[in-house]
Amino acid sequence: MFEIKPREKMVERALLVGAYTETAEKEDAQDLLRELEELVNTLGIPVIDRSLIYSREPHARFFLGSGKAEEVCEHLRELKCDVIIFDNELTPAQQRNWEALSKVTVIDRREIILDIFATRAQTREARIQIDLARMAYSLPRLTRAWSHLGQQGGGIGAKGEGESQLEQDKRKIRGQIDRLKKELAGVRRARSTQRKDRKRAPVPNAAIVGYTNAGKSSLLRRLTGADVLIEDKLFATLDTTTRKIALPNKQPLLLTDTVGFVRKLPHELVESFNATLEEATMSDFLIHVLDASHPRVMEFYGTTMKVLADLGADEKQMLVVFNKMDLVEDPSTRTVLRRHYPDAVFISVHTGEGLDLLVERIARFVGDGTLRVALRLPLARTELLAKLHRDAQVHSLSYEEDGVRLEVTLSTRLLPSFQEFVVTEEELHSSR
């Protein structure tokens, strides 16, 4: 079994490097480098320094020019770092060139995100998806993982035992990729069955989406009391969690927390986590949570919308929620956000600010899919009466000789279960 050794167990001192090719991109590159430091800290790797470098154009050998590459390596040796982590995506050849020049491990943002996802995965589905994404990423980079080949009389680029061993290992990984794809297909079928069961139980579903660390899991916990992991770290939540809540009008709602998004999210992660992110595409509406206190909150809104567009979920009915308002000290920030997002709800999960209004707005979203109808149930169908009390809003109820007469507001999903008992306008008038 091919194993990818956890990176945080191999290195102890990291130098972060970010490069930009346009002067107008400098501020954005600085912010991305700070975010990379948060990602690296999430893995528990100490960051010794960050280097932001301007390069007029990407170079084939090192991404940076040779002179800049030498300067980075000199700085690395001065700081006694044992890993270089690039915010820019490196090709397999560029990684090998950097490792040959620096004599240390060299990785990029994509590999950091993959490693974080690997440490966060809890369910079988998430672990399969992560293994699949990591193996697909590592296959073209396999040569740097096999230093033992030089001891077998061959070696990289040579004919003989070493080369044959490398090819055997590549075939082994391709075989495991095929096996994982089949396993993932089975998990997706099971998830589809579960989702169909949820649809049969006519309860609307909302998916909580947003940039990582915006407070999605905290909101789910506050609204439902669900025991979910909450940490001030990027990608603290990876597996989806679904919980049921009862709205003020007694209408039930399923709330699903989804994996957070991030800028430069590796495309293969969007693909391999499609089964998890499908919760967003299959929900009735979305609750898009944003960190109002972050200076680039509008950019994060754009990042999430782009990923949702990739999933085909960007046109869904959406409730925008700005969280962490208790951390917004500048009144002008509140004014700007309210002007740009007039229909948004502004809350603080920490203090409880705005949560009552949020629940009202959610109930209104759900209410858009409800109907008020008159029903006549047979006296023997007590289970249907119990279901209405549990899943609908009962306005009036009276017992008559031919059954139970009710006036209720229920979900359009619930209606088919009671269609045969609906009392028409004509029947209502004739009975009066």
Side-chain angles (χ1 to χ4, degrees), residues 27-28 31-32 34-35 38 205-224 226 228 230-237 241 243 245 247-248 253 255-263 265 277 279-280 283-309 311 313-368:
E27 184 179 347
D28 188 47
D31 193 59
L32 283 167
R34 283 192 291 268
E35 184 175 270
E38 287 187 65
N205 175 259
I208 305 175
V209 300
Y211 206 79
T212 185
N213 210 29
K216 299 183 300 299
S217 297
S218 299
L219 178 61
L220 180 70
R221 186 172 189 173
R222 186 71 183 252
L223 292 177
T224 69
V228 295
I230 298 172
E231 288 187 69
D232 186 20
K233 287 184 177 180
L234 302 186
F235 297 121
T237 301
T241 303
R243 293 292 183 269
I245 65 170
L247 297 171
L253 173 69
L255 275 180
T256 300
D257 182 20
T258 62
V259 60
F261 304 141
V262 69
R263 287 173 290 178
L265 184 68
L277 297 171
E279 293 295 341
S283 62
D284 294 292
F285 64 94
L286 304 177
I287 300 174
H288 184 174
V289 180
L290 293 145
D291 179 357
S293 67
H294 199 287
R296 304 185 79 89
V297 61
M298 291 186 183
E299 184 176 337
F300 292 172
Y301 174 87
T303 297
T304 300
M305 293 304 296
K306 182 180 182 303
V307 177
L308 289 173
L311 296 169
D314 57 319
E315 295 184 0
K316 275 193 171 292
Q317 191 178 21
M318 185 180 301
L319 177 59
V320 177
V321 178
F322 285 93
N323 186 28
K324 306 187 183 182
M325 291 301 292
D326 56 309
L327 302 180
V328 179
E329 297 178 354
D330 186 357
S332 65
T333 299
R334 291 174 176 255
T335 302
V336 169
L337 290 177
R338 291 181 188 277
R339 185 169 67 244
H340 279 85
Y341 304 93
D343 296 325
V345 180
F346 297 84
I347 70 167
S348 167
V349 172
H350 179 66
T351 66
E353 174 190 347
L355 288 179
D356 288 343
L357 176 59
L358 174 61
V359 172
E360 285 179 22
R361 290 289 301 278
I362 291 174
R364 201 180 307 164
F365 265 61
V366 174
D368 289 341

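Note that the numbering runs from 1 along the sequence shown for the chain. Remember, it's a predicted structure, so these values are computed and weren't measured experimentally.
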Going by the angle between their ring planes, with limits at 30° and 60°, are Y211 and F300 parallel, tilted or perpendicular?
parallel
State plainly whether the residues K216 and D257 are in salt-bridge range, i.e. N to O under 4.0 Å.
no
I208 side, atom CD1; L286 side, atom CG - distance, nearest 0.5 Å
10.5 Å
Do T351 and D326 have side-chain atoms, one donor and one acceptor, less than 3.5 Å apart?
no
Side-chain H-bond candidate by donor/acceptor type, S348 with N323, under 3.5 Å:
no
Any chance you could lay out the salt bridge (Lys or Arg N to Asp or Glu O under 4.0 Å) test for R334 and E353, step after step, and finish with the verdict?
CA-CA 14 Å; R334 291 174 176 255; E353 174 190 347; 3.8 Å; yes
Not counting sequence neighbours, which residues clear salt bridge (charged side-chain N to carboxylate O under 4.0 Å, His left out) with R338? List them please.
none
Identify the heavy atoms of H288 and Y301 that sit nearest to each other, and give their distance.
CE1-CD1, 3.4 Å
Under a 4.5 Å cut-off applied to non-hydrogen side-chain atoms, are N205 and L253 in contact?
no
Can you name the closest pair of heavy atoms from R222 and G352 and give their distance?
NH2-CA, 3.7 Å
For E299, does the CD atom sit with more than 12 other heavy atoms under 6.0 Å from it, leaving out its own atoms?
yes
So CZ of F365 and CG of L247: to nearest 0.5 Å the spacing works out to 12.5 Å
Within the structure provided, determine whether V345 and V320 are in side-chain contact (heavy-atom separation under 4.5 Å).
no
